[in-house]
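Just so we're on the same page: letters track the sequence lines, and every chain starts at 1.
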Amino acid sequence: MTETSIVSYAEMAVKIRAHCLRMTHRGRSGHVGSMLSMADILAVLYTGILSVDPFNPGWEDRDRFILSKGHGGAAVYAALAERGFFPREWLDTYYLDNGKLSGHISHHVPGVEFSTGSLGHGLPVAVGMAIAARHAGAGHRVICLVSDGDCNEGSTWEAVMMAAQHGLDNLTVIVDYNRVQALGKMEDVIEMEPFAGKLKDFGWAVREINGHDYAEIESNLLELPFEQGRPSWVLARTVKGKGVSWMEGTVACHYGAVSDEQLIQALKELGVEA
Amino acid sequence: MRTAFNEEILKIAEKDSRVFMVLSDIGYGEIEPFAARFPERYFNCGVAEQNMTGVACGLALEGNMAVTYSIANFPTLRCLEQIRNDVCYHKANVKIVIIGGGMAYGPLGVSHHSTEDIAIMRALPEMIVLAPADRIEARAAVHAMMEHEGPVYYRCGYKKEPDIHKCSIDFRIGRSIEVRSGTDITLIGTGTVTYRVCQAADLLASRGISARVISMHTVKPLDREAVLQAAEETGALVTVEEHNICGGLGSAAAQVLAEAGAGVPLRMVALPDTYIHEVGTHDWLLDRYGFSPRSIADTAGKLIGAGV
């Protein structure tokens, strides 16, 4: 990891966060806290990890990236726009009448692999894609980013079991482990701990990382798969609303829209001109 | 019929390496030849229908054709949102096959009665809904389904259903088959109950009533032309389906007639809007709920004022 790549990750993350704040402010829409918590992971994925081609989004050998927490789709849209998959101006239409970008992530947008929005859908499809890749002898990877709320869904665990059964080491799950759900903190809803232990017991190769530390994110993702013959699980500890002081760790930032004053203040905290 | 299905899918898989079978621990006694012949394209997901459907979708989005297969409501209602959001929205080349449509699993009870499936599946954009009447249609329908690019729902029978066709058929999705000609009334059946419709037509013939019989093996897209032609030429219609009276074949036909302004007398022989908790064999339940040939014939006779 070089100083240059850290700087580029940080710059990308700021751009993603600023876009998300502006988009949700303009659309008077929610889920900004969920976007901010995974912004650093997305910055590393789209800057240094995923093998994708903005000029050929359907490139056969691309890495498949599925965002299972589709409510955070604006953050992926922001990353895709910054990578040149579509004009940045499209971001200005997010959530608006006749807009290009819907609130939950859509495969009708260039660079988006799969539409989600109802939790628990991403991982089973990722398992199918990983099986298909292995069957075809293809070298690309399948990476699925899930929320901790995603892991409340039974379908996620159905897929967890099947991925282990078939030793899908071309499959990686990254959990945006911010421990804040729609109605409350995880300990008050469904406590997942010992989270890493559960996945180890289910046959996955598990690593816990700081989901806001670029070096840690990058170095671990560069070592995929963690073990031959096992799917990889990255438990990325994050903070909901990361980067905006009054949002961090709050339940309110799951649904709450950003006011005019809050936008100015939030962008200031990010060091971005309003 | 399920044996016919499995034999045909195996034949297709021999020629087309894109065919995968994705199961949820159902298929004992039928699926073994596929599993033995193509172990690399056979996946038993365990008792996990949501994952089964998602995995099938993932396989299909990578250029394959994935068949999910289970009994009654397991591969449809248990994973309906996966079918809607993952399969249909993405136009994934997934084929959803149920064994034991209607009340084929009779005494197993309500959990195993697939009696709302047609209504639910036909409400999904992109979905084709097939319900073959006999083994001859069933075999042809497998090929039509696999040749179609996109989601298909295939309501298969169970076993030992009588054949209604005596010769080879021209099976095309969305194109019904006239099983017998007639001029006084048209009986339209879908699925394996259609053989009882043919028997009802025989009874009507013995009463001097000439009944046309149509096998509507595709409920979506419905063969509009056949329905309107039957209305125009025979002046009255009876739809027969082993399905809740809400939202199935009868509803689809009524919609066609109403939109076309073809207001002919219509009766729907279907299951009442309730759960059939009485215990009995498939045939016993069918007789009890108005699907005996005599009951169907009586319904038709009354409709055209010919008495019973």
Side-chain angles (χ1 to χ4, degrees), chain A residues 58 60-66 68 70 102 104-109 112-138 140-144 146 150 153-168 170-171 202, chain B residues 13 16-25 35 38-68 70 74-75 77-96 124-126 151:
Chain A
E60 200 174 328
D61 296 331
R62 72 191 181 280
D63 286 332
R64 272 58 164 175
F65 173 71
I66 292 180
S68 191
S102 58
H104 289 86
I105 196 161
S106 166
H107 67 287
H108 291 285
V109 176
V112 174
E113 194 72 45
F114 192 71
S115 296
T116 57
S118 174
L119 294 178
H121 282 247
L123 189 52
V125 174
V127 169
M129 288 180 169
I131 290 171
R134 189 167 70 178
H135 180 76
H140 64 258
R141 300 168 298 181
V142 183
I143 297 178
C144 184
V146 306
D150 246 319
E153 294 278 6
S155 52
T156 295
W157 292 97
E158 292 177 3
V160 161
M161 290 188 283
M162 184 162 177
Q165 175 75 23
H166 291 277
L168 297 176
N170 57 349
L171 174 67
F202 273 71
Chain B
D16 194 332
S17 62
R18 298 173 300 157
V19 178
F20 283 70
M21 287 295 289
V22 187
L23 277 69
S24 52
D25 212 30
F38 301 112
E40 74 286 0
R41 289 192 269 147
Y42 165 84
F43 288 91
N44 182 355
C45 301
V47 190
E49 292 80 6
Q50 295 179 76
N51 184 52
M52 169 182 75
T53 306
V55 166
C57 181
L59 283 163
L61 291 175
E62 294 295 336
N64 303 295
M65 291 190 283
V67 180
T68 63
S70 189
F74 303 171
L77 304 193
R78 181 59 174 257
C79 44
L80 180 57
E81 197 181 61
Q82 278 76 16
I83 295 173
R84 179 186 182 271
N85 294 7
D86 302 350
V87 174
C88 290
Y89 182 39
H90 292 83
K91 301 182 187 179
N93 209 357
V94 173
K95 320 301 180 186
I96 297 148
L124 297 170
E126 306 295 338

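Atom CD of A/Glu60 sits in a sparse spot, with 12 or fewer heavy atoms from other residues, nucleotides or ligands closer than 6.0 Å. Under a cut-off of 6.0 angstrom, the local environment of CZ in B/Arg41 is crowded, with over 12 non-hydrogen atoms contributed by other residues, nucleotides or ligands.
The two residues B/Ser17 and A/His135 have their closest heavy-atom pair at O-NE2, 4.5 Å. Across all their heavy atoms, A/Met129 and B/Gly58 have their closest contact at CG-O, 3.6 Å. Taking each heavy atom of B/Gln82 and A/Gly120 in turn, the nearest pair found is NE2-O, 4.4 Å.
Counting only N and O atoms by type, the side chains of B/Glu81 and A/His121 include a donor and acceptor under 3.5 Å apart.
Taking CG from A/Leu123 and CD from B/Gln50, the interatomic distance works out to 12.5 Å, rounded to the nearest 0.5 Å. If you take CG on B/Leu61 and CZ on A/Arg64, they are separated by 10.0 Å, rounding to the nearest 0.5 Å.
Looking at B/Asn64, only its side chain comes within 4.5 Å of chain A, counting heavy atoms on both sides.
Looking at heavy atoms from C-beta onward, B/Tyr89 lies in side-chain contact with A/His108 at the 4.5 angstrom threshold. A 4.5 Å side-chain heavy-atom check between B/Leu59 and A/Ile131 finds at least one atom pair inside the cut-off.
Top candidate by heavy-atom pairs under 4.5 Å with chain A, chosen from B/Asn44, B/Val22, B/Thr53, B/Val55, is B/Val55. When A/Ala159, A/Pro124, A/Ser155 are compared by the number of non-hydrogen pairs under 4.5 Å with chain B, A/Pro124 comes out ahead. Looking only at heavy-atom pairs under 4.5 Å with chain B, the residue among A/Gly154, A/Gly117, A/Ser118 that has the most is A/Ser118.
Without hydrogens or angle criteria, B/His90 side chain to A/Phe114 main chain gives no donor-acceptor distance under 3.5 Å. Here the side chain of A/Glu158 pairs a donor or acceptor atom with the backbone of B/Asn51 at under 3.5 angstrom.
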